[in-house]
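Single-structure report; data block below.
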Amino acid sequence: MLQVNYIRENTQDVIERLAKKHFDGSKIIPEIIEWDNARKQTQTELDSILAESNNIAKQVGQLMKEGKKAEAEDLKNKSAALKESAKVLEAKMAEAEEKIKQLLYQVPNLPHASVPKGKTPEENEIVYQEGEIPTLHKDAKPHWELAKQYDLIDFELGVKITGAGFPVYKGKGAKLQRALINFFLEEATNAGYMEFQPPHMVNEASGYGTGQLPDKEGQMYHVGIDNLYLIPTAEVPVTNFHRDMIYKADDFPIKQTAYTPCFRREAGSYGKDVRGLNRLHQFDKVEIVQIQHPDKSYDTLNEMVEYVKTLLRKLELPYRVLRLCGGDMSFSSALTYDMEVYSTAQQKWLEVSSISNFETFQANRLKLRFKDTDGKTKLAHTLNGSALALPRIVASIMENHQTPEGIRIPKALQKFTGFDMIN
RNA sequence: GGAGAGAUGGCCGAGUGGUCGAAGGCGCACGCCUGGAAAGUGUGUAGGCUCCAAAAGGGUCUCGAGGGUUCGAAUCCCUCUCUCUCCGCCA
């Protein structure tokens, strides 16, 4: 959520920057300011009425003490009239506040200056590429066929007990999952992230805190009887740890990591993109989160990108880094880098990580603040990234490391799997 | 699930209708004291919104949340949430 004061002071600039995200702010932004003007004026009126009312209450108390009953009665009547007008103004306040909130919920975050123009994924900017794209033997297969051949993942069994998009991992397939989770958590710990095991369900307030609610309500699984949501990513519980917090500037950076399963309804997905492990309703992911001082958050973003690079390097996967264009970025991000691994068997790039700086967009909703060295309380910056999401990593390991003899496990992973080959 | 008790500032804790945004303590910050430290001592120490060009200062709201009674609510009433104790069930 953007801050009204910022919008007020940079109106034209805000509208221009929003255009890069293909959001037309020319109507809604002035509307927000208008409602805020109304809000301010109403509050000034309301405050003076309340002040008078408080004043009368004090006088009544005094008069009662002195036994001047008649005068006290007089003032009581006066107070009744004030109360009526206060009620009207209070309703007006509430209306304006609600309206402003509803409008602000619709406005996406402002893109960072470096965000490329563009509307479609094709217009994302490739900023880095590393690793050899392997030449595979002629019988090379996509992962869903390999999963069957080596009996690693049973999609049909998942359909039987739950539904499509809920695979069952078996044998070495299950062990590979566990190994990757351990590998990612150990790497993150070594990089200074504290490990957490958060709940896999969150309440409504947390959903609002990180922006899944109200707009993406249909994307989360909702347990109606207890009004809880299954988390779509560990970002939600971990970032919400910091809701309503005021840190000190030297508490930063706060670096946290968590493994959780992620649950996504993926309403509207269809076709070849959902084949095999490419898009699931439940998948595993290790997430990294940082809370940082606004002056340092872009250095931190780069640091996180560099960190994820080391993971892909250790997994011996060819990858590239994209700077997302305005049209492909998420609603709440200011700058996002996507990491994609090339799958030779599918002959396409698979997104395995997304690393974003949200600046104050999440912090504003979360009320995540810090006391700066100048003594002022300010909003902190939040960042997060996948490090990494398992399914497409599993797919690309299977596809890129396949040989006629079986699937080779990258060296860095072998101490976690306990085997070096799937055959 | 049943019964009871409770929720106050960073923490502990007083406060049962007015002078309470809130005693006292701890913690923290700054100063004095000291060769330095401890002890001692002094001062300060919530947040939101708003008025003011800004600073200073003022107004208003917030004692779990929401509503109500009252001229006036941390204090009384209602609803909800959460915590603790006991009972039941249970990995």
Side-chain angles (χ1 to χ4, degrees), chain A residues 1-10 32-104 197-209 213 223-229 237 240-252 254 291 360 362-380:
Chain A
M1 197 161 63
L2 296 177
Q3 297 162 83
V4 181
N5 281 342
Y6 187 86
I7 293 175
R8 180 188 292 283
E9 282 158 30
N10 306 277
I32 289 168
I33 295 173
E34 244 172 75
W35 275 102
D36 195 50
N37 289 338
R39 194 203 101 244
K40 279 187 173 187
Q41 202 195 324
T42 310
Q43 188 178 357
T44 307
E45 290 170 33
L46 178 61
D47 279 1
S48 71
I49 285 177
L50 290 175
E52 198 178 338
S53 176
N54 286 342
N55 203 358
I56 286 174
K58 264 179 205 156
Q59 290 180 44
V60 170
Q62 193 58 38
L63 290 171
M64 296 291 252
K65 221 177 243 173
E66 293 166 10
K68 298 176 182 167
K69 282 229 165 106
E71 287 173 54
E73 284 304 316
D74 252 19
L75 283 176
K76 277 192 196 179
N77 292 335
K78 207 169 161 192
S79 177
L82 286 175
K83 212 172 155 187
E84 281 311 303
S85 25
K87 254 199 178 128
V88 174
L89 289 170
E90 263 163 17
K92 221 168 142 187
M93 271 293 274
E95 190 203 354
E97 275 168 359
E98 180 61 23
K99 191 79 193 174
I100 292 164
K101 200 173 76 182
Q102 291 307 327
L103 291 171
L104 281 174
Q197 278 200 24
H200 299 164
M201 290 183 156
V202 292
N203 57 27
E204 220 172 3
S206 297
Y208 278 98
L213 295 175
V223 182
I225 192 168
D226 292 308
N227 197 23
L228 295 172
Y229 293 85
N240 271 284
F241 290 165
H242 310 284
R243 174 149 44 86
D244 294 318
M245 296 293 279
I246 300 180
Y247 291 105
K248 285 178 269 164
D250 58 8
D251 289 335
F252 297 144
I254 296 170
I291 315 294
T360 59
Q362 288 185 326
N364 191 29
R365 272 204 211 182
L366 290 162
K367 298 199 176 65
L368 195 191
R369 291 163 293 172
F370 70 102
K371 201 150 251 178
D372 209 348
T373 39
D374 62 10
K376 292 220 168 86
T377 305
K378 301 174 185 168
L379 292 170

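Below, chain A is the first sequence line, B the second, and so on; all start at residue 1. Note that this is a predicted model, so its numbers are computed, not measured.
- Contact detail for A/Trp35 and A/Leu103: the closest heavy-atom pair is CD1-CD1, 3.9 Å.
- Residues A/Thr44 and A/Asn77 each lie close to RNA chain B; by heavy-atom proximity, the contact nearer the 5' end of the strand is made by A/Thr44.
- B/G17 is unpaired under the criterion used here, namely a Watson-Crick or G-U wobble arrangement in which both key atom distances are under 3.5 Å.
- Across the P atoms, B/G10 and B/U85 are found 25 Å apart, a figure rounded to whole Å.
- In a base pair of the Watson-Crick type (N1 to N3 plus N6-O4 or O6-N4) or a G-U wobble (N1-O2 and O6-N3), with each distance short of 3.5 Å, B/C52 is matched with no nucleotide.
- In this entry B/G6 has B/C82 as its Watson-Crick or G-U wobble partner, both defining distances falling under 3.5 Å.
- Pairing for B/C63 is absent, with no Watson-Crick or G-U wobble pair whose two atom distances lie under 3.5 Å.
- The existence of a salt bridge linking A/Glu84 and A/Lys87 is excluded, since no basic side-chain nitrogen approaches an acidic carboxylate oxygen closer than 4.0 Å.
- Look at B/A73: it lacks any Watson-Crick or wobble partner with both distances under 3.5 angstrom.
- Of the P atoms belonging to B/G57 and B/U45, the separation is 11 Å, rounded to the nearest Å.
- Applying the salt bridge (Lys or Arg N to Asp or Glu O under 4.0 Å) test to A/Lys78 and every residue at least two apart in sequence or in another chain returns nothing.
- The separation of B/A56 from B/G47, taken at their P atoms, amounts to 14 Å, rounded to a whole angstrom.
- The partner of B/G1, taking Watson-Crick or G-U wobble pairs whose two distances both stay under 3.5 Å, is B/C87.
- On the P atoms, B/U83 is 35 Å away from B/G72, given to the nearest whole Å.
- Contact annotation for A/Leu82: no contact, since no heavy-atom pair falls under 4.0 Å across all strands.
- Counting any heavy atom pair closer than 4.0 Å across all strands shown, A/Lys371 reaches sugar-phosphate atoms only and no base atom.
- When each of A/Lys58 and A/Leu46 is assigned the nucleotide of RNA chain B with its nearest heavy atom, A/Lys58 is the one assigned upstream, toward the 5' end.
- Residue-level contact check: A/Leu75 touches neither bases nor backbone, having no heavy atom under 4.0 Å from any strand.
- Straight-line distance between the C1' atoms of B/U79 and B/C89: roughly 29 Å, to the nearest whole Å.
- Under the side-chain hydrogen bond (donor to acceptor under 3.5 Å, both in side chains) criterion, A/Asn10 pairs with no residue at all, not counting sequence neighbours.
- Nucleotides B/C63 and B/A46 are separated by 12 Å at their C1' atoms, to the nearest Å.
- Mapping heavy-atom proximity under 4.0 Å, the span of RNA chain B touched by chain A runs 5' to 3' from B/G18 to B/G72.
- With P as the reference atom, B/A22 and B/G9 are 14 Å apart, rounded to whole Å.
- With a 3.5 Å ceiling on both atom-pair distances, B/U34 lacks any Watson-Crick or G-U wobble partner.
- The separation of B/C33 from B/A38, taken at their P atoms, amounts to 15 Å, rounded to a whole angstrom.
- Evaluation of the side-chain contact (heavy atoms from CB on, under 4.5 Å) rule for A/Glu34 yields no partner, not counting sequence neighbours.
- Evaluated for a side-chain contact (heavy atoms from CB on, under 4.5 Å) with A/Ser206, the options A/Leu366, A/Asn240, A/Leu213 yield exactly one hit, A/Asn240.
- For A/Asp36, the salt bridge (Lys or Arg N to Asp or Glu O under 4.0 Å) partners are A/Arg8, A/Arg39, not counting sequence neighbours.
- Applying the side-chain hydrogen bond (donor to acceptor under 3.5 Å, both in side chains) test to every pair with at least one member in residues 92-101 of chain A, sequence neighbours left out, gives these pairs: A/Glu98-A/Gln102.
- Pair assignment for B/C11 gives B/G25, based on Watson-Crick or G-U wobble hydrogen-bonding distances that are each under 3.5 Å.
- Note on A/Asn54: only backbone sugar-phosphate atoms sit closer than 4.0 angstrom, heavy atoms only; bases stay farther off.
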